[in-house]
Amino acid sequence: MEATALTNHLVSPFSSPSQPSIHHFLLPSTSPVHQRRIFSSRISVSNPRSHLNLLESKSKSKFITCCSVNGTEESVKDIPIEKKFPAFPTVMDINQIRDILPHRFPFLLVDRVIEYNAGVSAVAIKNVTINDNFFPGHFPERPIMPGVLMIEAMAQVGGLVMLQPEVGGSRENFFFAGIDKVRFRKPVIAGDTLVMRMTLIKLQKRFGIAKMEGKAYVGGEVVCEGEFLMATGSSE
């Protein structure tokens, strides 16, 4: 079978241009009658030393880039940990919360509102500390926030939504009516910050019933969730 020569002339930067290193390859011809040269190329460097200088300059630039990236990472690590994490925003402080909720010590379980959408939802935090009055008994050797108090805290956040003029509630006639589908995912311990979101799902003003969805988080992970029923009406 006829074959056509595929010649690739390569000149090493370390060899003389007058004596290039040549590699020959034989490929089958596409036609026995017409022999053609498929490919022939010659790569040469007039000045091998300039080629080496180019490689050295590229390697140096890469090295400098790596050093600058490492320097940036080190500068980020040098920032003290107390300056890395911003504080929660304040939409309502504790004094404004006390103006809305009727609860007082030791049962006011909301410290700050960090987001509020009128008549729709609210996000608030509860700073869980070892000084909370329930820890001496729950439990002395392992302080864990009681699940029923997490539910109460979330209901109070729901109250911040329901007791606003946009919904038509008032602190004189607002009650916690029921809970459904409650799940406790992880324990909440002293030192945690409980972040609670309550969202109004359905409001029946005629019957004075509101349905809300609640989720509580610690470090971005859900620790408690459930559905809440709130009632407005006469206390008699």
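In this text, all values refer to a predicted model and were calculated from it rather than measured experimentally.
- Under a 3.5 Å cut-off, the side chain of Arg104 and the backbone N or O of Arg98 do form a donor-acceptor pair.
- Annotation: side-chain hydrogen bond (donor to acceptor under 3.5 Å, both in side chains) contacts of Asp111 (sequence neighbours excluded): none.
- Partners of Glu213 under the salt bridge (charged side-chain N to carboxylate O under 4.0 Å, His left out) rule, at least two apart in sequence or in another chain, do not exist in this structure.
- Thr129 meets the side-chain contact (heavy atoms from CB on, under 4.5 Å) test with Asn131, Asp132; sequence neighbours excluded.
- Residues satisfying the side-chain contact (heavy atoms from CB on, under 4.5 Å) test with Ile130, not counting sequence neighbours, are Phe135, Pro143, Ala190.
- Under the side-chain contact (heavy atoms from CB on, under 4.5 Å) criterion, Val222 pairs with Arg185, Tyr217, Glu225, not counting sequence neighbours.
- Closest of all the heavy-atom pairs between Ser121 and Val161 is C-CG2, 3.7 Å.
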Exercise for review: Go through Val113 and Leu160 one step at a time and tell me if the side-chain contact (heavy atoms from CB on, under 4.5 Å) criterion holds.
Suggested key: CA-CA 9 Å; Val113 176; Leu160 292 171; 3.5 Å; yes
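- Shown are Lys215, Arg183, Lys202, Lys211; of these, the salt bridge (Lys or Arg N to Asp or Glu O under 4.0 Å) with Glu227 is made only by Lys211.
- Listed by chain and residue number, nothing satisfies the side-chain hydrogen bond (donor to acceptor under 3.5 Å, both in side chains) test with Asp93 (two or more places apart in sequence, or in another chain).
- Remark: Glu221 pairs with Lys186 by the side-chain hydrogen bond (donor to acceptor under 3.5 Å, both in side chains) rule, at least two apart or across chains.
- Residue pairs meeting the side-chain hydrogen bond (donor to acceptor under 3.5 Å, both in side chains) criterion with at least one partner in residues 133-143, sequence neighbours excluded, do not occur; the list is empty.
- In this view, Gln96 satisfies the side-chain hydrogen bond (donor to acceptor under 3.5 Å, both in side chains) rule with no residue, not counting sequence neighbours.
- In the hydrophobic cluster analysis, where Ile, Leu, Val, Met, Phe, Trp and Tyr join through side-chain heavy atoms closer than 4.5 angstrom, Met196 is grouped apart from Ile125.
- Residues passing the side-chain contact (heavy atoms from CB on, under 4.5 Å) test with Asp192, sequence neighbours excluded: Val188, Ile189, Val218.
- Annotation: side chain of Phe176 is in contact with side chain of Ile151 (closest heavy-atom distance under 4.5 Å).
- Residues Met154 and Cys224 meet the side-chain proximity criterion, which asks for heavy atoms closer than 4.5 Å.
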Exercise for review: Output, in order, the C-alpha distance, side-chain angles, deciding distance and verdict of side-chain contact (heavy atoms from CB on, under 4.5 Å) for Leu108 and Ile94.
Suggested key: CA-CA 10 Å; Leu108 179 56; Ile94 189 62; 3.9 Å; yes
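- Taking both residues in full, the closest heavy atoms of Glu115 and Val91 are given as N-CG2, 3.8 Å, listed atom of the first, atom of the second, then distance.
- Gln156 places a side-chain N or O within 3.5 Å of a backbone atom of Leu109 that can act as its donor or acceptor partner.
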Check your understanding: How far apart are the C-alpha atoms of Phe134 and Leu149, what are their side-chain angles, what is the distance that settles it, and do they pass the side-chain contact (heavy atoms from CB on, under 4.5 Å) test?
Key -> CA-CA 9 Å; Phe134 47 79; Leu149 293 186; 3.3 Å; yes
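- Placement of Val123 and Ile100 in two distinct hydrophobic clusters is found when ILVMFWY residues are connected by side-chain heavy-atom separations under 4.5 Å, directly or transitively.
- Between Ala122 and Tyr116, the closest heavy-atom pair is CB-CD1, 4.0 Å.
- Ile209 forms part of a hydrophobic cluster together with Phe207, Leu229, judged by ILVMFWY side-chain heavy-atom separations under 4.5 Å.
- Met230 has its side chain out of reach of Leu200: every pair of non-hydrogen atoms, C-beta onward, lies at least 4.5 Å apart.
- Under the 4.5 Å side-chain contact rule for hydrophobic residues, Val195 and Val110 do not share a cluster.
- Residues meeting the ring-ring contact (aromatic ring centres under 6.0 Å, His included) test with Phe184, sequence neighbours left out: none.
- At least one side-chain heavy atom of Arg197 sits under 4.5 Å from a side-chain heavy atom of Thr199.
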